[in-house]
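Here is the structure we will look at, set down as structure tokens.
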Amino acid sequence: MTAPLRARHQLAMSFRRSLGRAESTFLDGLAHGRIRGSRGADGRVTVPPVDWDPVTGDPTVEFVAVADRGRVETWTWVEGPDRGSDEEPHRGLGKEPYRGGRKGRPRALALIRLHGADTSLLHFVDVDRPEHLRRGLAVRADWAEDRSSAITDIRAFVPDDDPGPDDDPAPDDDPGPDDDPAPDDDPGPDDDPGPDDQLPPPAGGPIHVVSEVRVDYIYEPGVTLSGFLHSLAERRIMGGSCPGCGAVYVPPRPQCPACGGSPMGALELTGSGTVTAYTVVHTPSPGLTLDLPFTCAWIRLDGASVPFAHLLGEADEGVARVGLRVEPVWVADADLAPTWESIRYFRPAGDKGRAQ
Amino acid sequence: MIEVAVTGFAADLTAPHPAPPHPAPPHPAPPHPAAPHPAAPDGGRTDAELLAPVVAAALEDSGLAPDQIDVLGTASSEFLGGLVGGMMGAFDALPGWPPRPHSHLDGDGAFAFYETWIRLLAGEGRAALVCAFGRPSASDRRSVLELQLDPYTVAPLGPPLAALAALQARALIDSGRCREADLARIVAARRPGTDPAELLGRPYVASPLRAADCSTVVSGAAAVVMVTGDLAGRARRVPAWIAGAAHRMERHYLGARDLTTSPSTAAVAADLGLPGSDLDVLEIHAPFSHQELIVTEAIGARRVGRVNPSGGALPADPLMVTGLIRVGMAAEAIMAGQAGRVVGHATNGPCLQHNLLVLLEAGGG
């Protein structure tokens with residue numbers, strides 16, 4: 001038995017998303033060194049802001065500024081190789097690995113309750129050791145020098161050595177009204193609270209966020225299909241015949257989709273067949289290496305029950321038609337490999353290029 | 001009123017997991033004659049090759065022939081395989097001709113179970129096959145699941161999923177409702193051979209979670225057969241009647257939730273009449289150890305006979321299949337004649353964002 005095949009492939013997609021009102025308000029605020037939230041009908045402030053009231057479902061009416069300092073609600077310290085390091089190639093979202101400041105990516109993540117907010121913000125806390133972290137730790141935003149309307153416009157949060165009137169209570173202490181200032185009491189000079197501080201709308205128009213998805217995969221055609229592909233490298237087309245209903249599949253399947261029969265018996269086919277449908281492609285698409293125009297066709301080989309898709313070549317305009325008899329054209333010996341591409345294309349059988 | 005019962009269940013997990021104390025679910029027939037290649041991940045099998053024996057075993061368990069299946073419900077995630085429409089190959093493993101109504105969802109099979117149940121209640125058929133399959137070994141599963149995260153405010157921070165779960169675990173510990181020793185005891189119960197004291201000495205992956213607190217992701221497939229009342233008599237074992245099922249989702253931003261509780265689970269439990277009641281078996285889909293405590297508390301049963309007798313998700317977590325396996329293993333306890341009232345739980349999204357419960361009972365219908 002030949003070894004099953006494996007191949008690497010990468011799914012790469014680039015998304016450029018325009019933001020809605022709430023996200024635009026939030027990220028634009030970050031570019032200006034402001035953190036904004038939305039106020040709901042019940043008076044609670046959500047950060048990051050949302051477009052609709054989480055309780056009533058009505059559109060958000062009021063965006064407010066909250067402080068850029070607050071307290072850690074919960075935290076974790078992440079071990080393991082840095083994302084994007086040589087030890088672990090970065091594969092996730094984002095244009096490039098997050099590096100943060102000179103120290104690189106902080107190891108601590110936390111949910112931070114900013115003063116004036118009723119929800120917590122997820123972000124980094126830049127400390128040297130996990131022992132420096134605890135619930136209730138006072139922190140303040142360390143803003144990046146270059147800001148681009150992104151969550152990373154805050155480089156990280158850092159311990160706030162001068163947290164102001166809100167002293168650092170022990171985690172179990174009930175903060176009480178004096179210790180949990182309303183937005184108006186917030187002391188920070190950058191945190192001018194209150195309804196929708198008068199920032200100009202984003203200068204460049206709607207904000208967009210670009211996400212590059214890049215995920216690596218190992219593709220395995222499986223045992224059944226691997227056998228078929230290996231045969232193509234020998235210029236042989238091996239169909240699979242169902243022991244139950246006699247249907248012949250090219251490529252073979254591990255189990256008959258019609259009657260459930262398995263395993264398929266191996267049945268070599270001559271390669272002669274008939275076009276059951278075709279189309280002429282004139283439109284380019286990403287990754288396409290074929291010259292335009294080209295013709296692809298459904299081809300049902302003699303002896304097979306179902307067609308497969310492949311290319312039609314040496315067929316001038318007007319020659320391709322349903323019912324056209326075709327034969328395979330194989331690549332040169334040196335180019336044979338366990339792939340459908342060992343067949344370069346199918347061409348009209350018999351007199352080439354002449355309508356039958 | 002149409003009543004529906006589970007009458008067949010089979011699962012295949014490609015990693016060792018503890019055998020349940022009550023009889024294991026039917027395992028598939030000997031390996032597919034297109035024998036798997038031992039050197040390749042998943043033995044070199046495709047989704048179809050993984051799923052076909054499981055379908056055959058579930059049907060055998062139910063006493064039904066493939067052509068008696070009227071309705072198909074399937075689940076997987078294309079992102080695990082990286083091929084658009086990649087699930088189509090797996091459908092070769094299903095009863096194919098004549099064509100049946102077939103609904104496929106991108107997600108855990110437990111949600112396909114729920115949808116398929118609704119369809120039988122609506123009179124779409126008398127017998128249904130629900131399948132889930134996934135081969136996370138094809139990808140870096142961490143980067144795949146992180147595609148779920150908010151692309152604006154969360155994903156750019158690149159948080160590992162274990163770190164998000166760790167935030168929840170830390171909050172639970174800080175609330176005083178559990179200690180690290182409790183997590184170690186859960187891990188030891190689910191991963192036989194683990195010594196809790198030794199476990200506490202191991203390093204964190206994201207404090208306070210250790211590697212053993214995080215589920216072992218494997219490939220796998222599962223199939224469940226459910227029938228309406230008139231066909232339940234064909235069952236070869238005790239039918240597990242679906243007494244109720246529901247699911248709810250919480251807000252997606254982690255900071256807007258109280259991570260130490262599960263309001264969605266509690267709301268569903270209330271819908272099903274679970275608080276204050278007794279359960280023989282509770283199968284919890286908890287990819288992280290501390291989440292068993294949160295779900296158990298949210299359900300609020302008065303007494304639970306056994307939690308995760310199958311081992312739960314920790315020792316073997318076939319992504320997109322694990323929730324269906326929890327439901328199947330809960331049903332299994334009834335079908336094996338060892339329980340009367342059971343619940344299967346399934347979850348989706350970071351930190352128990354979205355939760356489903358299925359209540360099954362013996363002797364209904």
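Each chain gets a letter, A, B and so on, in the order the sequences are listed, and its residues count up from 1. Side chains are part of it too, since the values below use all heavy atoms of this structure and drop only hydrogens, waters and symmetry mates. This is a predicted model, so every value here is computed, not measured.
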**Fill in**
When every non-hydrogen atom of Ala163(B) is compared with those of Val78(A), the smallest separation belongs to CB-CG2, 3.7 Å
**Request:** Heavy atoms only: give me the nearest Thr119(A)-Gly255(B) pair and the separation to one decimal.
**Result:** CB-O, 3.4 Å
**Asp182(B): salt bridge (charged side-chain N to carboxylate O under 4.0 Å, His left out) partners, not counting sequence neighbours** = Arg179(B), Arg185(B)
**Message:** More than 12 heavy atoms of other residues, nucleotides or ligands under 6.0 Å from CZ of Arg251(B): yes or no?
**Reply:** yes
**Shortest non-hydrogen separation from His9(A) to Gly82(B) and the atoms involved** = CE1-O, 3.1 Å
**Item:** Option in Thr76(A), Leu111(A), Leu121(A), Thr46(A) with maximal non-hydrogen atom pairs under 4.5 Å from chain B
**Value:** Thr76(A)
**Complete:** Bottom line for Ala150(A): the part with an atom under 4.5 Å from chain B's heavy atoms is neither
**Fill in**
Per-residue tally against chain A (heavy atom, under 4.5 Å) across Val55(B), Thr153(B), Asp47(B) peaks at Thr153(B)
**Prompt:** Tell me, side chain or backbone of Leu133(A) under 4.5 Å from chain B's heavy atoms, or both, or neither?
**Reply:** neither
**Request:** Verify, without hydrogens or angle tests, whether Tyr217(A) (side chain) and Phe79(B) (backbone) share a donor-acceptor contact under 3.5 angstrom.
**Result:** yes
**Asked** Looking at Ala256(B), Ala56(B), Pro99(B), Gly81(B), which one has more heavy-atom pairs under 4.5 Å with chain A than the rest?
**Response** Gly81(B)
**Asked** In terms of heavy-atom proximity below 4.5 Å to chain A, should Arg170(B) be classed as side chain, backbone, both, or neither?
**Response** both
**Prompt:** When rounded to the nearest 0.5 angstrom, what distance separates OH in Tyr152(B) from CD1 in Ile151(A)?
**Reply:** 13.5 Å
**Note, Leu225(A) side chain near Thr46(B) side chain (heavy atom, < 4.5 Å)** = no
**Prompt:** Nearest heavy-atom pair of Thr74(A) and Leu167(B): which atoms, and what distance?
**Reply:** OG1-O, 2.7 Å
**Request:** Could you look at Phe91(B) and say if it's the side chain, the backbone, both or neither that has a heavy atom under 4.5 Å from chain A?
**Result:** neither
**Prompt:** Is the closest side-chain heavy-atom distance between Leu147(B) and Met13(A) below 4.5 Å?
**Reply:** no
**Request:** Quick one: pull up CG in Leu11(A) and CD in Glu78(B) and give me the separation to the nearest 0.5 Å.
**Result:** 9.5 Å
**Message:** Tell me the closest heavy-atom pair linking Leu157(B) and Phe124(A), and the distance in Å.
**Reply:** O-CZ, 3.2 Å
**Prompt:** Any donor and acceptor pair, going by atom type alone, linking the side chain of Tyr253(B) with main-chain N or O of Leu122(A) inside 3.5 Å?
**Reply:** yes
**Item:** Exercise: do Glu49(B) and Thr224(A) side chains pair donor with acceptor under 3.5 Å
**Value:** yes
**Prompt:** So what's closer than 4.5 Å to chain B heavy atoms on Leu109(A): side chain, backbone, both or neither?
**Reply:** both
**Asked** Considering only heavy atoms, which portion of Cys256(A) lies under 4.5 Å from any heavy atom of chain B: side chain, backbone, both, or neither?
**Response** backbone
**Item:** Portion of Leu209(B) that has a non-hydrogen atom of chain A nearer than 4.5 angstrom
**Value:** neither
**Message:** Using a 4.5 angstrom heavy-atom cutoff, name the option from Asp258(B), Val205(B), Leu94(B), Leu254(B) with the most pairs to chain A.
**Reply:** Val205(B)
**Asked** For residues 201-210 of chain B, which residue pairs qualify under side chain to side chain donor-acceptor pair (under 3.5 Å), counting only residues two or more places apart or in two chains?
**Response** Glu180(B)-Tyr204(B), Glu180(B)-Arg210(B), Glu198(B)-Arg202(B)
**Test log, rule side chain to side chain contact (heavy atoms under 4.5 Å, CB included), inputs Tyr219(A) and Leu83(B)** = CA-CA 9 Å; Tyr219(A) 170 66; Leu83(B) 300 172; 3.6 Å; yes
**Derivation of the salt bridge (charged side-chain N to carboxylate O under 4.0 Å, His left out) call for Arg253(A) and Asp92(B)** = CA-CA 8 Å; Arg253(A) 317 275 191 102; Asp92(B) 282 352; 2.6 Å; yes
**Request:** Pick one of side chain, backbone, both or neither for Ile173(B), based on which atoms fall under 4.5 Å of a heavy atom in chain A.
**Result:** neither
**Message:** Do Glu79(A) and Pro203(B) make a side-chain contact, defined as non-hydrogen atoms from C-beta onward lying under 4.5 Å apart?
**Reply:** no
**Request:** Would you mind checking which part of Val209(A) comes under 4.5 Å of any heavy atom in chain B, side chain (CB onward), backbone (N, CA, C, O), both or neither?
**Result:** side chain
